[in-house]
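Being a predicted model, the structure only gives us computed values, none of them experimental.
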Amino acid sequence: MSSVLMAVVVTIVVVGVLELGRRTGVAWFGKVPGWVSLVCGVLGVAATAAPMVQSALAPDGVDTIGRDAPWVFQASMVLGLVGVVAGVYALVRRDRTWRTWVGIVTGGLVATFWLLFLLGEILSPH
């Protein structure tokens, strides 16, 4: 639950910073939300896929990334949500470039994965 709260707070902070930057009138700042969406979405997919790949390649099938990097799951939640919201923010600001769309799709994949994971935990807790 705290991971979801952290993801929402970080998303609000990032979008607030983007909005403040837009209001300053800097010419190049119009492209920043698309880049933020792209970077966060791709890093979110990497943070979600890394434990899966690492546990599949482990010799005994034991997942050690949860022990080695316990923050990776929370990071993937935050990055996925920020990628989607920053991409939508960029679309609202008429930034319809490839980086915005890739950020929305990759961030959406991560956010959908965690929403389905949450739904599975609600329906069948263990």
Peer 1: Filter on side chain to side chain donor-acceptor pair (under 3.5 Å), then keep only pairs touching residues 101-114, sequence neighbours left out; what's left?
Peer 2: Ser76-Trp114
Peer 1: What heavy-atom pair brings Ala86 and Val36 nearest, and what distance separates the two atoms?
Peer 2: CB-CG1, 3.9 Å
Peer 1: Using a side-chain heavy atom cutoff under 4.5 Å and only I, L, V, M, F, W and Y, what cluster partners does Val102 have?
Peer 2: Trp35, Leu38, Val42, Trp98
Peer 1: A quick test of your reading: do over 12 heavy atoms of other residues, nucleotides or ligands sit less than 6.0 Å from CZ of Arg96?
Peer 2: yes
Peer 1: Say whether Met77 and Ile104 are linked into one hydrophobic cluster, either directly or through other cluster members, by side-chain heavy-atom distances under 4.5 angstrom.
Peer 2: no
Peer 1: Restricting to side-chain contact (heavy atoms from CB on, under 4.5 Å), what partner residues turn up for Val85, sequence neighbours left out?
Peer 2: Thr11, Val15, Leu81
Peer 1: Rounded to the nearest 0.5 Å, how far apart are CG of Leu123 and CG of Leu118?
Peer 2: 9.5 Å
Peer 1: With a cutoff of under 4.5 Å between side-chain heavy atoms, which Ile, Leu, Val, Met, Phe, Trp and Tyr residues group with Leu43?
Peer 2: Val39, Leu79
Peer 1: May I ask whether Val110 and Phe117 are part of the same hydrophobic cluster, defined by side-chain heavy atoms of I, L, V, M, F, W, Y residues being less than 4.5 angstrom apart, directly or through others?
Peer 2: yes
Peer 1: Provide the full list of side chain to side chain donor-acceptor pair (under 3.5 Å) pairs with a residue in residues 37-53, sequence neighbours left out, each pair given once.
Peer 2: none
Peer 1: In the single-linkage hydrophobic clustering (I, L, V, M, F, W, Y; side-chain heavy atoms under 4.5 Å), do Phe113 and Val72 co-cluster?
Peer 2: yes
